[in-house]
Amino acid sequence: MPALPASAPFSSWRRNASPSAAAAFSSTPKSLLLLLLVLLLLLFALSRAPDLAFSSTSTAAIAAAHSSSRHLRPFDCYASPQASPVVANLVEGVPRPFFYSLADMGALPDRPHKNIVRLLKGKRFRKPDISETIQGLLGGEAGRGGPSGGVVVDVGANVGMASFAAAVMGFRVVAFEPVFENLQRICDGVYLNRVRDRVVVYHAAASDRVGNITMHKVIGRLDNSAISATGAKLAFKSNEEIAVVVSTIPLDEVIPDTERVLMIKIDVQGWEYHVLRGASKLLSRTKGEAPYLIYEEDERLLQASNTSSQEIRAFLSSVGYNHCTQHGTDAHCTKE
C-alpha cells in the first residue's frame, strides 16, 4: 500500500467528521477569545472601582466650592505624574489611623528614613504630633457640628499629615502646598485613604497677595523648605537647596464668605505672618464663627522672614483673637 501523504490523516479526519463537529472546532477559539475579552474588561472595571466612586457629586461640589478664585484652580491629582517609589503606611497611636506617603527617604541605603526602618520591622509609621492634635481638637469643641459643620484649612500641608487626620474623621479639607514633590505624596494619600471626596489641594503658597515668589527647597528635607533662604538653611545647613518659583494666593481669595471654617493650621517655616494677613477677612469673623487657629511660632524662622511673634500677636489681637496658648513651638488661638 502506498504511503499516505503527511497531511492525509488530518484530511481524512476532516472528510469523515460531521459538519456540526467541524463547526464546533472552528468556533471554539473565537468563543475562548470572546470570553477572555469579557473577563479582561470586567477585571479592568473592578480595578477602577475606587476611581468611579471618587467621581461622585460630592467630589464635584467640594471642587466647585473652592474653585471660585479666578487666580488658581485646585490641583488635579489624577492629571499629575505618579511619584515612585511609593513608601506608605498607617500611622500609630491616633484614634483614627490614616495612611501617608514619604517624600523624603533618607540617605539610602546607609541611613534610610526612620519610618522605613519601622516599616521593615513590621511597625506602623510614628504618629506625627500634629495629627494627634488635630484629631483631639476636632473630636472636641473645635469640631463643633461634626464633619458637616465646616472645613479644615491646612496651610503648609507637607505630605498631608494634618489633612488626612481630619479627612478620615469625615471632615472636608482645603490644603495648600507649594512643593510639587510633597503634592505628589498628598495625591498618594488621597487615594490610599479614599478621601478624594473630602480633600481639595492647591499647588501654591498661601500669602498676603496674589502673585509668584521664590521658594527654597531643601533636598532630603522637603518639610524644611521655606520662602526665606535663611530659614530653609537653619536646621539643615549641609543639605542642597534649590530655588523655585511658586504661586502665592491669600486664603481670603479662595475660601468663600459663605463657607464655615472650623480650623486653620499653618506651618510655613516663618511665613506665618503673611499667611495670616492674607486671611484678614476670614479671621475677622465673629466669635462662634471664627476658626480655631494653630500656627507655628518659631522666633528664629520668623526673624529669617523679617517678622516676629510680637507682630503676629498684635495682628491677631486686632482681628479679635485675644486668647493664645503655647504648645511647644505651636500657638493655639481662639476668640474668648
Side-chain angles (χ1 to χ4, degrees), residues 77 80-94 97-135 154-165 175-193 201 203 205 214-244 246 265-271 296 298-302 304-305 327-330:
C77 283
S80 170
Q82 174 62 52
S84 65
V86 175
V87 180
N89 199 2
L90 283 168
V91 300
E92 67 174 7
V94 292
F98 60 89
F99 287 93
Y100 76 88
S101 176
L102 294 179
D104 295 319
M105 305 294 173
L108 298 175
D110 300 324
R111 288 181 294 128
H113 192 286
K114 291 179 180 179
N115 274 328
I116 294 178
V117 176
R118 292 177 64 84
L119 183 64
L120 294 174
K121 292 179 178 179
K123 297 181 179 180
R124 293 183 177 187
F125 284 176
R126 190 178 300 279
K127 71 178 177 188
D129 290 340
I130 189 61
S131 305
E132 184 178 33
T133 298
I134 293 288
Q135 290 196 350
D154 185 3
V155 180
N158 193 254
V159 296
M161 291 173 284
S163 292
F164 298 134
F176 297 80
E177 175 52 49
V179 178
F180 181 72
E181 293 86 347
N182 286 341
L183 272 173
Q184 289 181 301
R185 301 310 180 177
I186 291 174
C187 290
D188 292 343
V190 165
Y191 179 79
L192 292 170
N193 291 298
V201 59
H203 184 190
T214 300
M215 185 169 188
H216 302 270
K217 292 198 303 185
V218 179
I219 303 304
R221 284 307 304 257
L222 292 172
D223 55 325
N224 280 81
S225 300
I227 289 174
S228 161
T230 304
K233 286 289 189 181
L234 276 175
F236 296 90
K237 296 179 182 178
S238 62
N239 289 55
E240 181 186 358
E241 171 209 317
I242 297 177
V244 294
V246 300
K265 164 258 166 187
I266 307 171
D267 184 353
V268 288
Q269 302 299 108
W271 203 248
E296 185 179 37
D298 187 315
E299 198 64 46
R300 296 181 311 149
L301 293 172
L302 291 170
S305 296
H327 301 258
T329 58
D330 289 342

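Sequential numbering from 1 along the given sequence is applied to the chain's residues.
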> Should Phe164 and Val190 be marked as a side-chain contact (heavy atoms from CB on, under 4.5 Å) after you check the CA-CA gap, both sets of side-chain angles, and the distance that decides it?
Replying inline: CA-CA 8 Å; Phe164 298 134; Val190 165; 4.0 Å; yes

>> Which residues pass the side chain to side chain donor-acceptor pair (under 3.5 Å) test with Arg126, not counting sequence neighbours?
In response: none

> About how many Å separate CD of Gln269 and CG of Leu302, when rounded to the nearest 0.5 Å?
Replying inline: 10.0 Å

>> side-chain contact (heavy atoms from CB on, under 4.5 Å) for His327 and Thr133? Distances and angles first, verdict last.
In response: CA-CA 10 Å; His327 301 258; Thr133 298; over 6 Å; no

> With a 4.5 Å heavy-atom cut-off, do Val91 and Pro128 have their side chains touching?
Replying inline: yes

>> So which atom in Val246 and which in Pro178 form the shortest heavy-atom distance, rounded to 0.1 Å?
In response: CG1-O, 3.8 Å

>> Please enumerate all residues that pass side chain to side chain donor-acceptor pair (under 3.5 Å) together with His216, with sequence neighbours excluded.
In response: Glu241

> Which pairs, with at least one residue in residues 175-187 and sequence neighbours excluded, count as a salt bridge (Lys or Arg N to Asp or Glu O under 4.0 Å)?
Replying inline: Glu181-Lys217, Arg185-Asp188

>> Within the 3.5 Å criterion, strictly below it, is a donor on Asn115 or Tyr100 matched to an acceptor on the partner's side chain?
In response: yes

>> If we ignore hydrogens and angles and just use 3.5 Å, is the side chain of Ser101 paired with the main-chain N or O of Gly189 as donor and acceptor?
In response: no

> At what distance, to the nearest 0.5 angstrom, does CG of Asp267 lie from CG of Asp298?
Replying inline: 9.5 Å

> Between Ser305 (side chain) and Gly270 (backbone), is there a donor-acceptor pair under 3.5 Å?
Replying inline: yes

> When rounded to the nearest 0.5 angstrom, what distance separates CZ in Arg300 from OG1 in Thr329?
Replying inline: 10.0 Å

> Atom CG of Leu183 and atom CG of Asn158: how far apart are they, to the nearest 0.5 Å?
Replying inline: 10.5 Å

> Considering residues at least two apart in sequence or located in another chain, which fulfil the side chain to side chain donor-acceptor pair (under 3.5 Å) criterion with Lys127?
Replying inline: Glu132

> Roughly how far, to the nearest 0.5 Å, is NZ of Lys265 from CD1 of Ile130?
Replying inline: 6.0 Å

>> Could you work out, with side-chain contact (heavy atoms from CB on, under 4.5 Å) as the rule, every residue matching Leu120, not counting sequence neighbours?
In response: Ile116

> Looking at residues at least two apart in the chain, or sitting in another chain, which of them share a side-chain contact (heavy atoms from CB on, under 4.5 Å) with Pro81?
Replying inline: Phe180, Gln184

>> Could you walk me through whether Met215 and Val179 satisfy the side-chain contact (heavy atoms from CB on, under 4.5 Å) test, starting with their C-alpha distance in whole Å, then the side-chain angles of each, then the deciding distance to 0.1 Å, before giving a yes or no?
In response: CA-CA 9 Å; Met215 185 169 188; Val179 178; 4.0 Å; yes

>> Quick check for you: to the nearest 0.5 Å, what is the distance between Leu90 atom CG and Arg124 atom CZ?
In response: 5.0 Å

> How far apart are the C-alpha atoms of Phe98 and Gln135, what are their side-chain angles, what is the distance that settles it, and do they pass the side-chain contact (heavy atoms from CB on, under 4.5 Å) test?
Replying inline: CA-CA 11 Å; Phe98 60 89; Gln135 290 196 350; 4.2 Å; yes

